[in-house]
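Counting from 1, the numbers follow the sequence of the chain as shown. Note that these values count all heavy atoms, side chains included, but never hydrogens, waters or copies made by symmetry. One-based numbering, in listed order, for ligands and for the atoms of each.
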Amino acid sequence: MNKTASSVWTECLSFIEDNIKQQAYKTWFEPIKPIKLSGEALTIQVPSKFFYEWLEEHYIKLLRVALVKQLGEDAKLIYDVRMENNYSSNNPHTVKIPSSNRNPITPQGVAFPLDINKRELKNPFIIPGIQKVKIESQLNPNYNFESFVEGDSNRLARSAGMAVANKPGGTSFNPLLIYGGVGLGKTHIAHAIGVEIKDKYPDKTVLYISSEKFTQQYIDSVKGNTRNDFIHFYQMIDVLIIDDVQFLSGKTGTQDVFFHIFNHLHQNGKQVILTSDKAPVDMQDIEQRLLSRFKWGLSAELQAPDYETRVSILQNKLYRDGVEMPEEIVEYIAKNIKSNVRELEGVLISMIAQASFNRKEFTLALTKQIVDKFVKNTKREVSIDYIQKIVSNYFELDVATLQSKTRKRHIVQARQLAMYFAKRMTKASLASIGSQIGKRDHATVLHACKTVDNLTETDKQFRKYVDDLTKKLTF
Ligand code: ADP
Ligand code: MG
């Protein structure tokens, strides 16, 4: 059978569909059209430059695997990016795509201490075979300060980040800890600081790494008996950026090794930048000595952007994508998507995809439809009151009894379960959970969470309570 662009793409799609979430598949792959197949090169049409960047950033590995399956090792993918502006029929054709003006970040040279130079270093960021070891910074140049819209919600974090970028290791913001809820720009700012430092100080060694990857590398190093190499490697970095440190909670080995790396870097005037979804006071199962280090520098919170900032963020994205959209539509989106910049972007991307491939205009009706879908998909956040009600009902108590000072075992357990679910299902801090559930302090809540974790593992009946309540609270 002769392969055509469309037969190859159909096969790729069925593979891709099996490997990613349905929503992502719908948003990113359904709108793509296969255009041409010549030899091993498949050309696909994507609705916009932003779309193309997104695919490159998030799905390139998957695309490559899918293509290689169809076309062999030499498979090539070519994007045909649609630039014509037919989103709005009464608008003339205008495309405004600013150049990012950024060069790819080049690997950084580092002279290794002699003794470990002899051995093979098992660090995935090291490109082997070169005398002077090169370290990839793992920075994403698109996440820079120019593309990060300033607003009241992020001013402190942004300016602290800038200050650090101007003088890495030379400010009192060491470590700089940026914390806040999901999708508010923590990862973006963390990269932006690194990117800015590489611009200003090309000789500095900057490394961005997620806590997950860091943990995995550490575990591998222990298995492979290269723990010291691991530590040495990180101690050579000038600017170490670790994303989502809440992930280290409960991982004592990794915390321990990070503690040593941190101390070494700090003592040598190197910069450490961390992000977390919580403030240090609310972090669970992180060693005290590490928490106290986190507090040495500056903790800056990223809050949910206000309405004006949301509008600016949307306009900024549209501008970068070369798309024009009526003002009332931008305002509608900004009014209805409030708590998460990633969702704000998601709506925009869905709209661009829908409008350009169905040759629809950006209408308010289309916008409402898409915004509705996003709002529905967002996990409903339950309140602490609601949790107390459900837990009390389940144990046939009233809420006042649940909150009372009684030490009766079954009531204590109910109270602990309420605290546990409040921690798991809301963004409230330990202190605020404690004060809402019978005026307890944060240590009591922390103890409750640990007790529930332990009992769930050891006590079958208790495990059933947790499962039943989870179902009731999430439907
Ligand atoms: P987090 O790490 O806090 O979950 P991210 O840094 O991944 O959030 O941000 C989610 C998305 O929102 C990213 O695409 C990011 O570029 C974008 N974003 C967040 N804040 C801003 C902002 N102030 N200006 C422009 N884009 C932003
Ligand atoms: Mg992040």
Yes or no on side chain to side chain donor-acceptor pair (under 3.5 Å) for Thr309 and Asp306, after CA distance, side-chain angles and deciding distance?
CA-CA 5 Å; Thr309 311; Asp306 57 22; 2.5 Å; yes
Given Asn154 and Glu150, is the side chain to side chain donor-acceptor pair (under 3.5 Å) satisfied, shown in steps?
CA-CA 6 Å; Asn154 62 42; Glu150 183 172 355; over 6 Å; no
Metal environment of the Mg ion (ligand 2), protein N/O/S under 2.8 Å:
Thr187 OG1
For residues Ser221 and Gln217, is any side-chain donor paired with an opposing acceptor at under 3.5 Å?
no
Show every salt bridge (charged side-chain N to carboxylate O under 4.0 Å, His left out) that has at least one partner inside residues 236-262, sequence neighbours left out.
Arg227-Asp256, Asp238-Lys270, Asp256-Arg289
For Phe247, all residues meeting ring pair (Phe, Tyr, Trp, His ring centres under 6.0 Å), sequence neighbours excluded
none
Test side-chain contact (heavy atoms from CB on, under 4.5 Å) on Asp152 and Arg155; report intermediate values, then the result.
CA-CA 5 Å; Asp152 286 344; Arg155 190 156 292 123; 2.5 Å; yes
Near ligand 1, at a heavy-atom separation below 4.0 Å: residues by chain and residue number
Tyr143, Ser147, Phe148, Val149, Asn154, Gly181, Val182, Gly183, Leu184, Gly185, Lys186, Thr187, His188, Ile313, Lys317, Val341, Arg342, Glu345
Test side chain to side chain donor-acceptor pair (under 3.5 Å) on Thr456 and Asp453 and set out the steps.
CA-CA 5 Å; Thr456 317; Asp453 274 339; 5.2 Å; no
Closest approach of Asn174 and His266, non-hydrogen atoms and distance?
O-NE2, 3.0 Å
Centroid separation under 6.0 Å, is that true for the rings of Phe230 and Phe214?
yes
